[in-house]
There are 2 protein chains.
Amino acid sequence: MADGQRFDDEVLITLLRRLTVESDRFAEMFAEVHGVHRTDMNALAVIMDAAKAGTPLSPTALAAALNLSNSATTSLLDRLERAGHVERIRSARDRRKIELRMRDQARELGIAFFAPLRQELLAAWRDLPDDHRAVIGRFLTTTIDATVTARGRFVEP
Amino acid sequence: MADGQRFDDEVLITLLRRLTVESDRFAEMFAEVHGVHRTDMNALAVIMDAAKAGTPLSPTALAAALNLSNSATTSLLDRLERAGHVERIRSARDRRKIELRMRDQARELGIAFFAPLRQELLAAWRDLPDDHRAVIGRFLTTTIDATVTARGRFVEP
DNA sequence: GCAGGAAATTTCGGTGACCGAAGGATATGG
DNA sequence: CCATATCCTTCGGTCACCGAAATTTCCTGC
């Protein structure tokens with residue numbers, strides 16, 4: 001019965017909405033289980049991305065990325081430092097600046113976060129042939145672009 | 001150069017993550033522009049879904065759906081009622097109960113929320129043939145299921 | 001038909017994340 | 001060196017949220 005379904009625009013939009021809602025729930029549940037806030041998870045993700053890119057992150061840059069005030073970012077970093085996820089290091093060249101370094105603990109938390117989801121996703125996609133992956137990849141890319149564009153429309157319509 | 005890209009598991013996971021991040025940002029920005037909280041948006045979505053299903057929603061059921069305490073839900077409903085989005089109606093049969101009714105204003109807010117995004121998405125998908133839509137639809141469905149399963153693994157592993 | 005308990009919601013007091021403004025500390029230009 | 005800018009933190013206040021107690025209404029056994 002399932003295979004006969006027509007995937008018109010409405011159905012795709014509904015599926016997209018369900019996907020984002022479920023992803024959100026997953027992240028929220030994970031944060032709750034591990035006793036951290038959603039904001040903290042997002043902050044760790046930003047810091048981790050910066051570490052991957054080799055760019056040491058500053059509190060101000062983090063605040064901008066999270067759309068958060070500087071003062072709120074200070075207490076966020078207090079929390080993360082107290083929990084042992086992050087280290088504040090005064091820059092040697094400009095001693096006003098602070099560089100944020102992740103501790104291994106946080107990296108392990110990130111892996112623990114994604115491992116179960118990752119495993120399920122890989123299993124779900126195991127039999128996808130390359131041409132289907134190409135279709136899906138282009139779909140995701142254009143959909144991401146559309147979302148970004150739609151957000152831009154609000155800021156400067 | 002884009003068409004030669006290989007969409008292996010890693011690439012798809014990255015795209016999926018970017019998609020959820022961008023969707024989140026879109027919702028957050030919309031909430032901020034309209035002076036409501038994220039929680040309020042989620043609450044309106046739940047209430048709207050219930051209205052579509054024809055099931056009048058109670059504050060307690062809303063609290064459960066939002067994973068929120070009853071007292072927090074009370075003040076949330078105070079906000080929504082004060083803003084004119086929702087109406088509290090005492091149930092005629094059981095006068096302890098409250099039924100939540102959406103006002104047209106909130107429905108219009110929801111439409112205003114989705115309209116720009118919807119327009120962009122439809123444009124992005126305009127030329128998708130049916131067989132591609134089927135591939136995408138199955139992908140989204142299995143991915144949603146995988147996410148739900150992964151969340152279940154945490155609760156009772 | 002009424003005492004006692006259950007159910008649905010609200011009120012109350014307290015906690016903590018967040019914001020804006022003011023306050024150091026360090027760097028840079030004249 | 002003094003003035004100004006930059007970066008971060010501290011401070012006081014606001015508001016969403018929580019847990020527990022209070023309120024209103026329903027239901028059951030006697």
Side-chain angles (χ1 to χ4, degrees), chain A residues 24-25 27-47 50 55-83 85-101, chain B residues 24-25 27-47 50 55-83 85-101:
Chain A
D24 209 57
R25 279 192 187 169
E28 186 140 355
M29 184 223 51
F30 185 89
E32 189 169 345
V33 166
H34 284 74
V36 296
H37 297 265
R38 265 319 274 287
T39 306
D40 301 18
M41 303 270 310
N42 293 340
L44 287 176
V46 172
I47 297 173
T55 317
L57 204 68
S58 76
T60 305
L62 180 62
L66 295 174
N67 198 25
L68 217 61
S69 76
N70 281 348
S71 54
T73 304
T74 294
S75 48
L76 182 154
L77 289 173
D78 288 347
R79 287 200 300 274
L80 292 182
E81 203 171 33
R82 214 178 308 130
H85 294 317
V86 153
E87 226 175 341
R88 281 177 166 110
I89 302 177
R90 289 222 95 92
S91 166
R93 337 194 122 196
D94 187 339
R95 291 185 44 74
R96 292 170 305 181
K97 290 183 184 169
I98 295 255
E99 291 175 5
L100 301 174
R101 200 165 63 188
Chain B
D24 208 58
R25 278 193 190 168
E28 187 138 355
M29 184 223 50
F30 184 88
E32 190 169 344
V33 166
H34 284 74
V36 295
H37 297 265
R38 257 329 265 290
T39 305
D40 301 18
M41 305 270 308
N42 293 339
L44 287 177
V46 170
I47 296 172
T55 316
L57 203 66
S58 76
T60 304
L62 180 62
L66 296 175
N67 198 26
L68 218 61
S69 75
N70 283 347
S71 54
T73 305
T74 294
S75 50
L76 182 155
L77 290 173
D78 288 347
R79 288 200 300 273
L80 291 182
E81 201 171 35
R82 214 178 308 131
H85 294 318
V86 153
E87 225 176 342
R88 281 176 166 111
I89 301 177
R90 289 221 92 93
S91 165
R93 338 192 122 196
D94 186 339
R95 292 184 44 75
R96 291 170 304 180
K97 291 184 184 168
I98 296 255
E99 291 174 6
L100 301 174
R101 200 165 63 191

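Computation of the quantities below employed the complete heavy-atom set of this structure, encompassing side-chain atoms and omitting hydrogens, waters and symmetry-equivalent molecules. Sequence lines set the chain letters: A, B, ... in the order given, protein chains first and strands last, and positions in each chain run from 1.
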Check: [Y] and [X] side chains under 4.5 Å, non-hydrogen atoms:
X: B:H85; Y: B:D40; value: no
X: B:L62; Y: B:L77; value: yes
X: B:I98; Y: B:R90; value: yes

Would you classify [X] as touching base, sugar-phosphate or nothing, given that sugar-phosphate means primed atoms plus P, OP1 and OP2, and contacts are heavy atoms under 4.0 Å?
X: A:S75; answer: nothing
X: A:L76; answer: nothing
X: A:R88; answer: sugar-phosphate
X: B:R93; answer: sugar-phosphate

Kindly say if [X] contacts the phosphate of [N], meaning a side-chain N or O under 4.0 Å from OP1 or OP2.
X: B:R95; N: D:dT24; value: no
X: A:S58; N: D:dC7; value: no
X: B:R79; N: D:dC17; value: yes

[X] [atom1] to [N] [atom2], straight-line distance once rounded to whole Å:
X: A:I98; N: C:dT26; atom1: CD1; atom2: P; answer: 11 Å
X: A:N42; N: C:dA17; atom1: CG; atom2: P; answer: 15 Å
X: B:L62; N: C:dA8; atom1: CG; atom2: C1'; answer: 14 Å
X: B:L80; N: D:dC15; atom1: CG; atom2: C1'; answer: 15 Å
X: B:D78; N: C:dC12; atom1: CG; atom2: P; answer: 12 Å
X: B:N67; N: D:dC18; atom1: CG; atom2: P; answer: 8 Å
X: A:L66; N: C:dC19; atom1: CG; atom2: C1'; answer: 15 Å
X: A:L68; N: D:dC7; atom1: CG; atom2: P; answer: 18 Å

**OP:** Would you mind telling me which residue lines up with the more 5' stretch of DNA chain C, A:D40 or A:S91, judged by nearest nucleotide?
**Re:**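 So the residue in question is A:D40.
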Original post:
If you find the nucleotide of DNA chain C closest to B:N70 and the one closest to A:N70, which residue's nucleotide is nearer the 5' end?
Top reply: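 The residue mapped nearer the 5' terminus is B:N70.
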Name the closest nucleotide to the [X] side chain, picking from [options].
X: B:H37; options: D:dT25, D:dA16, D:dT9; result: D:dA16
X: B:K97; options: C:dA8, C:dC18, D:dC8; result: C:dA8
X: B:D94; options: D:dC7, D:dC18, D:dT25; result: D:dT25
X: A:S71; options: C:dA17, D:dT10, C:dT9; result: D:dT10
X: B:T74; options: C:dT11, D:dC17, C:dA8; result: C:dT11
X: B:R96; options: C:dA27, D:dC8, D:dC26; result: D:dC26

Original post:
How close do A:R88 and A:T74 get, heavy atom to heavy atom, and via which atoms?
Top reply: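 Of all heavy-atom pairs spanning A:R88 and A:T74, the closest is NH2-O, 3.2 Å.
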Original post:
Under the criterion side chain to side chain contact (heavy atoms under 4.5 Å, CB included), which of A:V36, A:T39, A:V86 is the partner of A:L44?
Top reply: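 Between A:L44 and the candidates, side chain to side chain contact (heavy atoms under 4.5 Å, CB included) is satisfied uniquely by A:V86.
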Original post:
Do the side-chain N and O atoms of B:S71 and B:S69 include a donor-acceptor pair separated by under 3.5 angstrom?
Top reply: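 Side-chain D/A pair, B:S71 to B:S69: present.
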